[in-house]
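Below is one structure; the comments refer to it alone.
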Amino acid sequence: MDAFLFLLAMIALGTFLVGNSNDGWEMSDDDWQVLVDRTHAVIASITLRLPDDEGYEEGAPCVEITSLIQLQAGGEYVGLPEWAMTQARAMIAGLLGSGWGFEWIVICGETRQVLVSSNASTIGAEVFASTIGGSGENDGRYDLILRAWRS
């Protein structure tokens, strides 16, 4: 977990430095798309430690964030627990860097649920998107989509 946090900090720092450099070099749309794809790959594969208030004897276990996405009996997603939403929002914002708006969505069949989002508006912004497919044990196939834009 310490290595992941270090990697997260280094990515955020690198993104900040590239985004705020004044040397005349600008990133192309392909570079922005790579940033969004990499951010999505990281966030979709991270593990989070469950809250300690659940009464675990030897400390709370770590689980993949995608395993926290819950499906209700009627086939609708309830999204992530509030504590996981807070962590995911902070990680996505840190990986993308300042000046970005985003929303992370899960789609299963006709059901679409926003897992986390920023408050930035997409009006007039070019939107970059990344899709990762997955499947749950009982939930069937789903797609995770990260939409991000320079705000």
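Keep in mind that what you see is a predicted model, and the values were worked out from it rather than measured. The residues of the chain are indexed from 1 along the displayed sequence.
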Under 4.5 Å between any side-chain heavy atoms of W104 and I65, yes or no?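 They are in contact (side-chain heavy atoms under 4.5 Å apart), so the answer is yes.
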Mind checking whether V106 and T111 have side chains closer than 4.5 Å, heavy atoms only?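 No. Closest side-chain heavy atoms not under 4.5 Å.
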Taking R89 for its side chain and S117 for its backbone only, find out whether a donor-acceptor pair lies under 3.5 Å.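 Judged by distance alone, yes, a pair lies under 3.5 Å.
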Apply the hydrophobic cluster definition, ILVMFWY joined by side-chain contacts under 4.5 Å directly or through others, and give me every member besides V34.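 The other cluster members (ILVMFWY side chains, heavy atoms under 4.5 Å, direct or chained): none.
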Locate the shortest heavy-atom distance separating [X] from [Y]; write the atom from each residue and the value.
X	Y	answer
L48	I46	CD2-CD1, 3.9 Å
S130	H40	OG-ND1, 3.1 Å
I132	A44	CD1-CB, 3.8 Å
G101	A120	CA-CB, 3.6 Å

Name of the residue among V116, V36, L95 meeting side chain to side chain contact (heavy atoms under 4.5 Å, CB included) with F102: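 One option only clears the test, and that one is V116.
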The test is side-chain contact (heavy atoms from CB on, under 4.5 Å); show your working for R150 and W32 and say whether it passes. CA-CA 9 Å; R150 302 279 298 163; W32 292 126; 3.9 Å; yes
How would you list, by chain and number, every residue that makes a salt bridge (Lys or Arg N to Asp or Glu O under 4.0 Å) with R112, sequence neighbours excluded?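 With sequence neighbours excluded, R112 shows a salt bridge (Lys or Arg N to Asp or Glu O under 4.0 Å) to E103, given in chain and number order.
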Membership question, hydrophobic clusters at under 4.5 Å side-chain separation (ILVMFWY): are [Y] and [X] in the same one?
X	Y	value
L115	Y142	yes
W149	V114	no
V63	I43	yes
W83	I69	yes

Distance, nearest 0.5 Å, that separates CE of M85 from CG of L68: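 So the gap between those two atoms works out to 12.0 Å.
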Assess whether side-chain contact (heavy atoms from CB on, under 4.5 Å) is satisfied between L35 and F128, documenting all intermediate values. CA-CA 9 Å; L35 173 64; F128 299 91; over 6 Å; no
